Amino acid sequence: MRFSKLLIPTLKENPSEAEAISHKLMMRAGFVRQLAAGLYIYLPLGWRVIEKINRIIREEMNTIGGQELTLPLLHPAELWQETGRWHDIGDEMFRLKDRGGRDMCLGMTHEEVMTWLASKEIRSYRELPQIWYQIQTKLRDEARPKSGVLRTREFLMKDSYSFDIDESGLEESYRIHEKAYRKIFSRCGLKFYMVESDPGIMGGGMSHEFMAPSPAGEDEITLCDNCGYGANIEIARAIPLIPKFPSWKLEEVETPEKRTIEEVTSYLNIAPEFFIKSIMVMGEDGPVLALVRGDQTLHEKKLKKIIGNFRPAHRDEVKELLGVESGFIGPMGHNIRKIADSSLKEGVYVSGSNKEGYHTKGITPTRDFKAEYFDIHITKEGEGCPSCSKPLRIEKAIEVGNIFKLGIKYSIHLKANYLDEKGEERPIVMGSYGIGPARIAASAIEQNHDQNGIIWPQSISPFQAHILPLNSKDPKTTDVSERIYSGLESNRIEVLIDDRDERAGVKFKDADLIGIPYQIVIGEKNLKEGMVEVKERRSGEKRRFKVEDMAGMISFFRK
RNA sequence: CGGGGCGUAGCGCAGCCUGGUAGCGCACACGGUUCGGGACCGUGGUGUCGAAGGUUCAAAUCCUUUCGCCCCGACCA
């Protein structure tokens with residue numbers, strides 16, 4: 001295609017609102033524009049990238065027997081009421097009424113509608129398994145849209161749903177999705193990990209996330225380079241590092257006005273890992289004291305799984321329960337329920353004495369107080385891998401895909417049943433699987449760029465080659481450029497020709513920004529020798545072709 | 001929803017503290033020179049200073065309200 005005929009509004013400067021690299025570059029290279037918070041317009045180049053990604057997704061989904069269809073994104077409320085999510089999901093769902101006053105919502109995902117369809121159309125075990133998918137817009141009233149295209153209120157998602165007769169069927173559907181996902185992300189040129197994740201409000205059993213490592217990512221994942229264990233930090237387990245404990249005897253020490261771990265640490269000159277941090281929370285069944293080591297951070301989601309919903313205790317509640325301000329509370333001498341991090345089973349510690357101005361030194365948890373032990377701290381870099389005990393690494397990552405074993409939650413609510421061989425009615429066993437094409441594009445940029453701009457992986461680049469006729473006033477330049485352009489086009493190589501009457505510098509800068517992997521540079525110097533130059537965007541490596549060597553160029557781009 | 005920041009020309013910004021009727025760079029239009037890494041010279045157009053209300057002889061500037069956008073946190077199928 002011709003640059004002069006395409007809308008490619010490149011920007012010299014970074015837009016003030018962009019922070020993430022992918023956001024800046026997508027804006028600057030003219031791939032997207034922002035309409036409002038979390039709402040993006042895909043310009044021709046951006047849309048070509050998304051379509052490239054979608055094509056790869058379709059190919060791989062079809063390979064595992066997926067059938068593409070498309071569902072409405074305006075849904076009747078009843079469906080969501082039947083599964084309970086109308087109530088469970090809060091402000092994140094866009095809700096509206098139609099003219100007849102009926103409650104409706106905009107689909108933030110499509111389990112309900114897909115299950116509804118299955119309930120209507122699947123009768124017999126003979127019709128299973130099925131995999132249905134769509135590439136469809138999702139709408140979520142995000143609390144905080146951010147990082148450009150990474151977290152938006154309206155976005156495209158490939159969502160597929162598997163329908164099986166039993167758990168082992170689901171196991172197989174899950175497994176082939178994993179395989180397809182690995183191929184999709186590899187083909188898109190991404191570096192990624194598959195990690196264990198929290199199924200959250202999806203319900204059901206196991207789930208995994210596909211994570212593209214990037215500093216722009218919102219998630220943190222723990223990884224073991226030794227055995228391959230990987231998990232979202234929200235659920236990551238780890239073996240804490242155990243320090244060498246001193247042999248203190250139990251005694252009270254005066255710590256006037258020293259409340260925080262930092263203050264007491266420096267006052268007593270004892271490292272934070274020898275402290276017990278006591279955090280008072282108010283649960284549904286009363287107060288709970290959460291105990292973690294001084295160098296650890298309480299993981300609220302882990303605690304929530306154990307005690308249910310809770311909130312931090314107010315200052316006066318702490319005082320009422322323990323008779324002392326929160327700076328001096330500790331685990332001893334009271335009957336409040338205590339949840340302690342497993343690492344506290346060993347060692348000897350300092351903690352608050354529940355007495356103004358005092359801490360107790362020499363506390364041996366299993367001896368001096370009763371607690372329930374769980375992993376409730378946030379996994380830290382260097383802690384031991386739960387499966388092989390080698391040190392864990394933590395990386396930031398972008399969630400580009402996920403796979404869930406839903407089980408029968410949705411089938412039961414929406415009566416999606418089938419008749420088995422014995423004529424008995426059974427709920428269909430389901431899985432659901434998502435991929436965000438825009439996040440793939442953004443991750444690809446996050447992982448492949450330099451100071452000059454984007455460096456697209458060949459497979460998802462908007463074009464394969466970018467012809468740069470450096471001096472468009474030179475007839476020979478334009479003649480050769482046009483010949484190469486039509487030669488490549490007629491051989492179905494996607495090529496962008498910069499036919500604008502611009503200076504060479506401008507064309508080079510824009511080409512580097514846009515990031516097409518190969519630039520065919522047509523300049524007068526090389527033409528004098530009957531040559532043109534093909535430059536690789538990533539390495540800057542150049543190779544020359546004879547002007548007449550169309551076949552050579554074609555096979556180069558076909559490789 | 002809590003904390004912070006920012007709204008001035010198409011884009012990036014200055015001016016605001018200390019009120020006096022709006023400016024710089026880029027972009028854009030025209031002419032000329034230039035032409036393998038975002039050229040140069042000249043000429044020219046461009047603004048409800050986010051919106052509403054208030055204070056004042058006078059408001060981009062001070063006060064109040066409100067809307068929008070970004071960042072941190074909470075939240076996140």
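No hydrogens, no waters, no symmetry mates; every other heavy atom, side chains included, goes into these values. These numbers were taken from a predicted model, which means no experiment stands behind them. In the text below, chain A, chain B and the rest are named by the order of the sequence lines, each starting its count at 1.
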Student: Starting at CE of Met1(A), measure out to CD1 of Ile8(A) and round the result to the nearest 0.5 Å.
Tutor: 9.0 Å
Student: Partner lookup for C69(B), please. Criteria are Watson-Crick or G-U wobble with both distances under 3.5 angstrom; report none if nothing qualifies.
Tutor: G5(B)
Student: Which residue in the set His75(A), Gln81(A), Arg85(A) passes side-chain hydrogen bond (donor to acceptor under 3.5 Å, both in side chains) when paired with Glu112(A)?
Tutor: Arg85(A)
Student: Phe155(A) ring centre to Lys138(A) NZ or CZ under 6.0 Å, with the angle to the axis within 45°?
Tutor: no
Student: Donor-acceptor pairs are to be reported for all side-chain atoms of residues 528-535 of chain A against protein atoms at under 3.5 Å, with residues two or more places apart or in another chain.
Tutor:
residue: Glu529(A); atom: OE1; partner: Arg544(A); partner atom: NH1; Å: 3.2
residue: Glu529(A); atom: OE1; partner: Arg544(A); partner atom: NH2; Å: 3.0
residue: Glu533(A); atom: OE1; partner: Asn526(A); partner atom: ND2; Å: 3.2

Student: Considering only side-chain heavy atoms of Pro15(A), which listed nucleotide, G12(B), C35(B), G38(B), is closest?
Tutor: G12(B)
Student: Please give the nucleotide sitting opposite C35(B) as a Watson-Crick or G-U wobble pair, both distances under 3.5 Å, or none.
Tutor: none
Student: Check every atom of G12(B), G37(B), A74(B) against the side chain of Glu13(A) and return the nucleotide holding the closest atom.
Tutor: G12(B)
Student: Measuring from the side chain of Leu513(A) (C-beta onward, heavy atoms only), which nucleotide among G36(B), C75(B), G38(B) has the closest atom?
Tutor: G38(B)
Student: Using heavy atoms to find the nearest nucleotide of RNA chain B for Gln519(A) and Arg503(A) separately, return the residue whose nucleotide is more 5′.
Tutor: Arg503(A)
Student: Roughly how far apart, to the nearest Å, are C13(B) and G5(B) at atom C1'?
Tutor: 16 Å
Student: Would you find more than 12 non-hydrogen atoms of other residues, nucleotides or ligands less than 6.0 Å from Met282(A) atom CE?
Tutor: yes
Student: Within the 3.5 Å criterion, strictly below it, is a donor on Asn232(A) or Glu196(A) matched to an acceptor on the partner's side chain?
Tutor: no
Student: What distance, rounded to whole Å, do you find between the two P atoms, one in A27(B) and one in C40(B)?
Tutor: 8 Å
Student: With rounding to whole Å, what would you report as the distance between G53(B) and C72(B) at their C1' atoms?
Tutor: 33 Å
Student: Judged by modelled atom types alone, do His23(A) and Tyr40(A) share a side-chain donor-acceptor pair under 3.5 Å?
Tutor: yes
Student: Kindly say whether, by distance alone, the side chain of Arg28(A) makes a donor-acceptor pair under 3.5 Å with the base of G38(B)?
Tutor: yes
Student: Is there, by distance only and without an angle test, a donor paired with an acceptor across the side chain of Asp512(A) and the base of G37(B) below 3.5 Å?
Tutor: yes
Student: What is the per-nucleotide protein-contact pattern of nucleotides 27-32 of chain B, from the 5' end, where B denotes a base atom under 4.0 Å from a protein heavy atom, S denotes such proximity for sugar-phosphate atoms only, and - denotes neither?
Tutor: S-----
Student: When only distance counts, do a donor and an acceptor, one from the side chain of Asn471(A) and one from the base of G36(B), lie under 3.5 Å apart?
Tutor: no
Student: Are Gln519(A) and Asp512(A) close enough, and set up right, to give a side chain to side chain donor-acceptor pair (under 3.5 Å), and what steps lead you there?
Tutor: CA-CA 9 Å; Gln519(A) 299 169 3; Asp512(A) 286 351; 2.8 Å; yes
Student: C1' atom, G47(B) versus G7(B): distance in rounded Å?
Tutor: 14 Å
Student: Should C24(B) form a Watson-Crick or G-U wobble pair with both distances under 3.5 Å, which nucleotide is its partner?
Tutor: G12(B)
Student: Looking at the rings of Phe31(A) and Trp456(A), which for Trp means the six-membered one, are their centres under 6.0 Å apart?
Tutor: yes
Student: Classify the nucleic acid contact of Asp474(A) as base, sugar-phosphate or nothing, counting any heavy atom under 4.0 Å across all strands shown.
Tutor: nothing
Student: C1' atom, U34(B) versus C41(B): distance in rounded Å?
Tutor: 11 Å
Student: Which atoms of nucleotides 68-70 of chain B (N or O only) lie under 3.5 Å from a protein N or O atom, and what are those distances?
Tutor:
residue: C69(B); atom: OP1; partner: Ala37(A); partner atom: N; Å: 2.8
residue: C70(B); atom: OP1; partner: Gln34(A); partner atom: NE2; Å: 2.9

Student: Give none if G53(B) has no partner; otherwise give the nucleotide forming a Watson-Crick or G-U wobble pair with it, both distances under 3.5 Å.
Tutor: C63(B)
Student: Can you tell me if Gln134(A) and Glu68(A) form a side-chain donor-acceptor pair at under 3.5 Å?
Tutor: no
Student: Just call it for Asp159(A): base, sugar-phosphate, or nothing, with non-hydrogen atoms closer than 4.0 Å on any strand.
Tutor: nothing
Student: C1' atom, A58(B) versus G54(B): distance in rounded Å?
Tutor: 15 Å
Student: Applying a 4.0 Å non-hydrogen cut-off, can you work out what Glu300(A) is touching in the nucleic acid: base, sugar-phosphate, or nothing?
Tutor: nothing
Student: Across the strands shown, which category fits Leu527(A) at heavy-atom distances under 4.0 angstrom: base, sugar-phosphate, nothing?
Tutor: nothing
Student: Does the pair Glu60(A)/Lys179(A) count as a salt bridge with the N-to-O cut at 4.0 Å?
Tutor: no
